[in-house]
Chemist: 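Dropping the structure in here first, questions after.
Reminder, nothing fancy here: chain letters follow the sequence lines and each chain counts from 1.
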Amino acid sequence: MGGQPLYLEPRLESRLRSLVHSPELLHTLTDALGSPLNVLVPDQLADNLARFRSVYGTHHLSGQVFLAHKANRSSALLRRLAATDAGVDVASLGELQHALGAGLTPDRITATGPKNPEFLWLAARTSVTVSLDTRDELEQLATLVRGHALPRTRVLLRLSGFEASGVRVLTRRSRFGTAVRETAPLLEAVERHADALDLVGVAYHLDTTSLSEKALALEGCLRVLEECRSRGLRPRAVDIGGGFGVNYLADGGQWERYTTALTEAVMGIRPPLAYGGHGYGLRNEAGTLRGALGLYPAHRPVAAAGYLDELLSQPAASLGGRPLAALLLEHLYDLHVEPGRALLDQCGLTLTKVLEVRDDEAGGLLHIRLAAKADDVALEDHGVLLDPVVVPRHPMNAEGTDFPPRTTTGSGTGTEPVAAYLFGNLCLEADLITRRTVFLPHRPAPGDLLAFANTAGYCMDFHTTRAQHQPAARKVAAWQEGGRWRWCLDDQYWPTTPVGGAQ
Amino acid sequence: MRYDSITDAIGNTPLVRIDPAVHGLSHIDLYAKLELLNPFGSVKDRAAWNMARPHLSAAAPEQGGQVVELSSGNTAKALAVLAGMHGRTFRSVTNRMRIPEIKDLLLLLGAEIEELPGQSECLDPTATDDPLTQFHRALSEPGSTFVHTDQYFNPRNTEAHFTGTGPEIVKDLDGRAPDWFIACVGTAGSSTGVARALREHDPAVRVVGLVAAKSDFVPGIRTIDEAHEVGLFDPGTYDTIESVGADEAIEGMLTLNRRCGILAGPTGGAAYFGATRQLKDVDAELTERQSAVFIVCDRVESYLSYVRRRRPDLFGRPRRGNSPADLTDTEVRTAPAIGVIDALAWIATGEPLVVDLRGPHAYAALHIDGSVNIVDELFEELLHGGLPFSHNRPVLLACPVGEKSARYAALLTRMGHPDVRSLTGGIIAWRDAGAPLVRD
């Protein structure tokens, strides 16, 4: 098997842990609805929201937490969100319609991202706040508002290209937003269209894990807001987007061992750790490691609400060194955030049925074929490496809390750790659920389920298609009631369901 | 000692014996090679000068362009000075500069610093260019006039130590190589160059390479994964590779600082810690005398914030009087306060001094007319010395939400002020009530 098993065990909080350890329910579900199957846990969303709210509380900040809808198209999640006091940020006409239909009132919706005229019209028609990327978009919206006699529309100006003094921080280029250097003409346009547009603040979204880049952007926003005020405008909010991250793994040590082993495999010091010697962006050039590890930093001690707290605690060098949170508060600004992944942390899992377990003649690696295609479990497309949890068809132990050793057919006793490749059900060489060699604590059997935990944020249906007439995963929502797990189809879930009692 | 140029003062650093009473080894003489005494403060002065010299002396300033290096610290420091001495500018490109003092020093020396962007949160698996690849591409564009010293791949880095540092150690040990050489692995230049020089003298020298523990950050040392990214790194150079954590590095540093009079930084501390840990077991088995050398690569002064973050206990100061931290919860809860409506009336009739405790930028943007701005941090400083205004003048304290002002109202009351009040709900409540705020 090539040394010790390199496990990457998922972090499971109590709800998801309880669900994964309910084999009877999970098998009932997949027997009825097929494999793959996405299970959502809407109640977790409210808990995650509370963690963000508590960071607001610590810093005495007001403002809204908006779920980034694009991370998952579930109705159950959105309706559960509607039953809290949070908002949603929508990036398409369909998402906006979905949000309105789920019960989110326009004051709790922000429209962001690339927009078509229909999207802009419905946003303005329903008095949703619009985050504008460019001056052209601003002009387009103003024309639309006047032409259709729509109410004055609340807008945020999305900015990019923030610059630091002293140390030049090279930020990732963003194709969204207007460069801060171009703020003056943008604000002139806002003033010119004052009858149609009401400036409520500025926004940014940076696709980076770096705190310092985000702190720099927030500092830049504060300076632009000050310029707005000096022009007599009355902005009151800054929207800092999302990207606060998720900690996917239970054990940081496993992550460190794995990445070191991967480096060694690329350097030829140990056998490859992935199908075809794939190096996840790393390569060996004449004995030196080149490239960059193209993986999501799956173990992150500081993530989600904790990351927001860190960001808000950063000192703003150009504004007297006071922490960003203190500056927001003292300037009387609301803080808006748009987490997607972080708000959906622990909110769902993807179940796949094992179709075939084959011993490879050559390498000793198992070949496991699953009733799902790579796009259904898009963890690797997002660079997330995470072990699935084996949910046996026939647990020996009826209590089902932990999976004991058991007998299986085929070679091996089924009690020792195994190394395997996980293949999908498409007729394509490239259809690997994960390119990585996956280590499992014991050999699964056909009929068992592999549960991929924590897929609700982006990894569940972002890439899913109906190619080759293979079924795309259906979705169910699950919740606990009276110590038992209950479920219904995603489309049937409303926050009243637990009381009304579908299923 | 008279020199024509500061660059002549590079090298020939002392080899100082560590007192056995400190390291506790009975059969091993342990020596520190004090690279911190190089003119720009570190072992990197040697490599920087050796790498830059051919380029800097070859062309006139108007022909040769900017000196560029991927460096987070000491190499950048040395190159910034050397470039400046030769009429050039220096640019450091890095994603590892985590020591604010070094950043400031580099800016002071005229360096430009570019920080590489962080990793993408939403991964794009089709992306082909990491920032470093882009950097190298920019350097090799036709017509570019950069002098790229390329410390991680430049053999002149290793050579500086092969011809300098290594032979100096042998000379100071009366022509003998030490039995042990312990070095931290950064660019691998010093460890590789010194090891080669020592082994030429005596192939039996055992070389210990020290890397940083993966979850830790020790300035100037790479983790084992990062070491593979260095062209000069060859695992074959080291008889053993061990890892050192940040806490251990700081422990070692404190020993060198406090007990040996060697003002080493954490990298030198890591080398000392790694050396004594490695040699302790060896020492117990020995019957004859052996010697060991480690490198103290730079100085402590630049790392105060690094140490403070990890060991705040080392910077403990005595508590001072009149501190808001001394207040009880009851005192804060019962601090005299006044709501917005009553405050408006009080300001109109009682003429209290209105003190706004927010930062100056926020105050300048919007404030209560007639108020003065004393930022909370400054206000706390003032109070250590006593009341900053007369007993006879009523005072209204305002902060964003009325929390800080309540603490200070309680403290001023305790200090004997008869009429101080905190604005309930703060400036935010004031705004929400529609009370006037001005910019002047």
Chemist: Would you give the length of the straight line joining atom CD of B:E403 to atom CG of A:L329, rounded to the nearest 0.5 angstrom?
Modeler: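 Taking CD in B:E403 and CG in A:L329, the distance rounds to 9.5 Å.
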
Chemist: CD/A:E264 to CD1/B:I224 distance, rounded to the nearest 0.5 angstrom?
Modeler: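 One finds 7.5 Å between CD of A:E264 and CD1 of B:I224.
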
Chemist: Would you indicate whether the side-chain heavy atoms of A:L332 and B:R358 approach each other to under 4.5 Å?
Modeler: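 They are in contact (side-chain heavy atoms under 4.5 Å apart), so the answer is yes.
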
Chemist: Distance only, no hydrogens: is a donor on one side chain within 3.5 Å (strictly under) of an acceptor on the other, for B:H361 and A:E226?
Modeler: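 Their side chains do not contain a donor-acceptor pair, so the 3.5 Å distance test is not met.
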
Chemist: What part of B:F233 gets within 4.5 angstrom of chain A, counting heavy atoms only: side chain, backbone, both, or neither?
Modeler: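 Contact with chain A is absent: no heavy atom of B:F233 under 4.5 Å.
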
Chemist: Taking every non-hydrogen pair under 4.5 Å, which of B:D234, B:D356, B:D376 racks up the most with chain A?
Modeler: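 With the most close heavy-atom pairs to chain A, the winner is B:D376.
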
Chemist: Are any side-chain N or O atoms of A:R229 and backbone N or O atoms of B:A365, one a donor and one an acceptor, separated by less than 3.5 Å?
Modeler: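 No; judged by distance alone, with no hydrogens or angles, the pair does not exist.
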
Chemist: To the nearest 0.5 Å, what is the distance between OG1 (A:T260) and CG (B:D225)?
Modeler: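 A:T260 atom OG1 to B:D225 atom CG measures 3.5 Å (nearest 0.5 Å).
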
Chemist: Name the option with the most non-hydrogen atom pairs under 4.5 Å to chain B; the candidates are A:G281, A:G252, A:S230.
Modeler: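 Highest number of heavy-atom pairs under 4.5 Å: A:S230.
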
Chemist: Mark yes or no for whether A:E330, through its side chain, and B:G359, through its backbone, hold a donor-acceptor pair below 3.5 Å.
Modeler: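 Yes; judged by distance alone, with no hydrogens or angles, the pair exists.
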
Chemist: For chain A, find which of B:G426, B:C399, B:A362 contributes the most heavy-atom pairs closer than 4.5 angstrom.
Modeler: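 Looking at each of B:G426, B:C399, B:A362 in turn, B:A362 comes out on top.
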
Chemist: Does the A:H60 side chain pair with the main chain of B:V401, one donor and one acceptor, at a distance under 3.5 Å?
Modeler: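 Pair absent, no side-chain N/O of A:H60 close to backbone of B:V401.
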
Chemist: Based on non-hydrogen pairs under 4.5 Å, which of A:V266, A:T259, A:L222, A:L262 is most in contact with chain B?
Modeler: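 Highest number of heavy-atom pairs under 4.5 Å: A:T259.
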
Chemist: Looking at every non-hydrogen atom in both residues, tell me the closest pair between B:K214 and A:W255 and how far apart they are.
Modeler: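 Shortest heavy-atom separation between B:K214 and A:W255 comes out as NZ-O, 4.4 Å.
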
Chemist: Side-chain contact, heavy-atom cut-off 4.5 Å: B:E115 with A:S210?
Modeler: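 B:E115 does not reach A:S210 side chain to side chain.
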
Chemist: Considering only heavy atoms, which portion of B:L357 lies under 4.5 Å from any heavy atom of chain A: side chain, backbone, both, or neither?
Modeler: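 Contact with chain A: backbone only.
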
Chemist: Side chain, backbone, both or neither: which part of A:R223 has a non-hydrogen atom closer than 4.5 Å to chain B?
Modeler: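 Neither part.
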
Chemist: Taking all non-hydrogen atoms of both residues into account, name the closest pair between A:I269 and B:H228 and its distance.
Modeler: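 Nearest heavy atoms, A:I269 then B:H228: CD1-CE1, 3.7 Å.
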
Chemist: Heavy-atom count check: over 12 atoms from other residues, nucleotides or ligands less than 6.0 Å from B:R439 CZ?
Modeler: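 More than 12 heavy atoms, drawn from other residues, nucleotides or ligands, come within 6.0 Å of this atom.
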
Chemist: Kindly indicate whether the side chain of B:F153, heavy atoms from C-beta on, has any atom under 4.5 Å from the side chain of A:T288.
Modeler: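 Answer yes - side chains close enough.
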
Chemist: Return yes when atom CZ of A:R435 has more than 12 non-hydrogen atoms of other residues, nucleotides or ligands closer than 6.0 Å, and no otherwise.
Modeler: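 At most 12 heavy atoms, drawn from other residues, nucleotides or ligands, come within 6.0 Å of this atom.
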
Chemist: Of the backbone (N, CA, C, O) and the side chain (C-beta and beyond), which part of A:R322 lies under 4.5 Å from a heavy atom of chain B, both, or neither?
Modeler: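 The side chain, not the backbone.
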
Chemist: With a 4.5 angstrom heavy-atom cut-off, which part of A:S62 approaches chain B: side chain, backbone, both or neither?
Modeler: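 No part of A:S62 comes within 4.5 Å of chain B.
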
Chemist: Rounded to the nearest 0.5 Å, what's the gap from NE2 on A:H331 to CD1 on B:I427? Could you check?
Modeler: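 If we round to the nearest 0.5 Å, A:H331:NE2 and B:I427:CD1 are 12.0 Å apart.
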
